[in-house]
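The structure presented is a predicted model; accordingly, all values stated were derived computationally and were not measured. Worth knowing before you read on, the calculation uses all heavy atoms, side chains too, and leaves out hydrogens, waters and symmetry mates.
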Amino acid sequence: MATTLHLRSESKPLEHRSALTPTTTKALIDAGYKVNVERSPERIFEDSEFEAVGATLVPTGTWVDAPEDHIIIGLKELPEDKFALKHTHVQFAHCYKGQGGWQEVLSRFPQGGGTLLDLEFLQDDTGRRVAAFGYHAGYAGAALAVEAWAYQLQHPDAESMPSVSSYPNQDLLLDDVRSRMAEGEKIVGRKPKVLVIGALGRCGRGAVDLCTQAGIPEENILKWDMAETAKGGPFSEIVESDIFVNCIYLSDPIPPFLNEESLASEKRKLSVVCDVSCDTTNPHNPVPIYTKNSTFKSPTIKVEGYENPPLCVISIDHLPSLLPREASEAFSQALLPSLLALKERKTSRVWQQAEELYNSKVATLPETLRGAVNKVTGSA
């Protein structure tokens, strides 16, 4: 019997990306999988594009009542709810690093006999992530940061820059960034100075590429990685830049990159922080100047107490949705080899490791939250 994958419709507002695309769906069907695709009002790909490659369209939200052996594929975390989860879910859950509410999120899986195979932690033989949205997250984050820099110069008292929405393609986004940066340049007579930390990773490369393609001079782009941050923060170079883009992957506690003391410097030019890493509720967040996420509707959060220049934070946790088609295609193609191995996941190293990690995280839950028998381990 064919393994059935069920692509759920994303429920997060303005989330237009998709874990599967028509191209990767066709590859899975050709390999013998059955693919059900929920109709979606938000997804960048039309329902008809999936139907044309052989997928079966099903109503939005029907994953809840799908047969237990169907594997539910998604991207962002499920809506907050309390009902137990009976399926195997392949998604980003954001509950393995001590984030706020992680116990409530994770416990739903063992309580229903389900399994979480978290996309963030799928690794190849070298320990590198199998697939990530990092490049487009960095690209989109830097784009919004440059636009926020220009907007604040024009509107220093604004609580947030205006809402933004997804772009059909990357060229249109670049046109907007160049145009708005030119407006800021008219006011201060120069282009912004940008510091990117994590510049050697996927995310950092995306941020640097955006800056370069937008026309920011090479000497205005500071590219930092582990060597430059080894001494530990806070770093004066951050507050002496106009824009700081944080692109690190936080795995261990580190000193903060900036704090109230460093921001009090008379040399501060910093007016925009884009925390692409967005470890908002992580107790070790190295950008401890904000406590909530911003959104496409309100992209920036004003940090109170700072003037001349004002200071704002961009902390949007689904930045790649600014370029949903390109981001989805790149991610899904990278994920495809692993998806093709799902029907043999008991012998696939990638999925075995994902299950082992899940089991180890469940073991850290209080016994009262583990609930029902876990179908992977067979233990309470």
Full working for salt bridge (charged side-chain N to carboxylate O under 4.0 Å, His left out) between R205 and D209: CA-CA 6 Å; R205 290 200 305 271; D209 282 355; over 6 Å; no
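If you check the side chains of D279 and S277, you find no donor sitting under 3.5 Å from an acceptor. A donor and an acceptor atom, one from each side chain of T280 and N293, are located under 3.5 Å apart. For the 3.5 Å distance criterion, the side chains of Y139 and Q213 qualify, holding a donor opposite an acceptor.
Closest approach of V64 to H87, counting heavy atoms only: O-CE1, 3.7 Å. Between G198 and C247, the shortest heavy-atom contact is O-CB, 4.2 Å. When all heavy atoms of W63 and E38 are compared, the pair lying nearest together is N-OE2, 2.9 Å. L340 and A27 get closest at one heavy-atom pair: CD2-O, 4.1 Å. The shortest non-hydrogen separation linking T60 to S9 is CG2-CB, 3.8 Å.
Atoms CG and CG, on L323 and L174 in that order, are 8.5 Å from each other to the nearest 0.5 Å. For the atom pair CZ (R349) and CD (Q352), the distance works out to 9.0 Å, reported to the nearest 0.5 Å. How far CD of E356 is from NZ of K361: 13.5 Å, rounded to the nearest 0.5 Å. Here CD1 of I72 is found 10.0 Å from CG of L85. Values are rounded to the nearest 0.5 Å. Between the CG atom of L222 and the CD1 atom of I243 there is a distance of 12.0 Å, given to the nearest 0.5 Å. Note that OH of Y358 and CZ of F121 are 14.5 Å apart. Values are rounded to the nearest 0.5 Å.
Within the cation-pi definition used here (under 6.0 Å to the ring centroid, within 45° of the axis), K97 does not qualify as a partner of F92. The cationic atom of R108 (NZ for Lys, CZ for Arg) lies less than 6.0 Å from the six-membered ring centre of F83 and within 45° of the ring axis. A cation-pi arrangement is present between R43 and F50 under the rule of less than 6.0 angstrom and at most 45 degrees off the ring axis.
Between F244 and F257, the angle of the ring planes goes over 60°, which puts this pair in the perpendicular group of the 30/60° scheme.
Judged by distance alone, the side chain of S265 and the main-chain N or O of K267 form a donor-acceptor pair under 3.5 Å. S40 places a side-chain N or O within 3.5 Å of a backbone atom of E42 that can act as its donor or acceptor partner.
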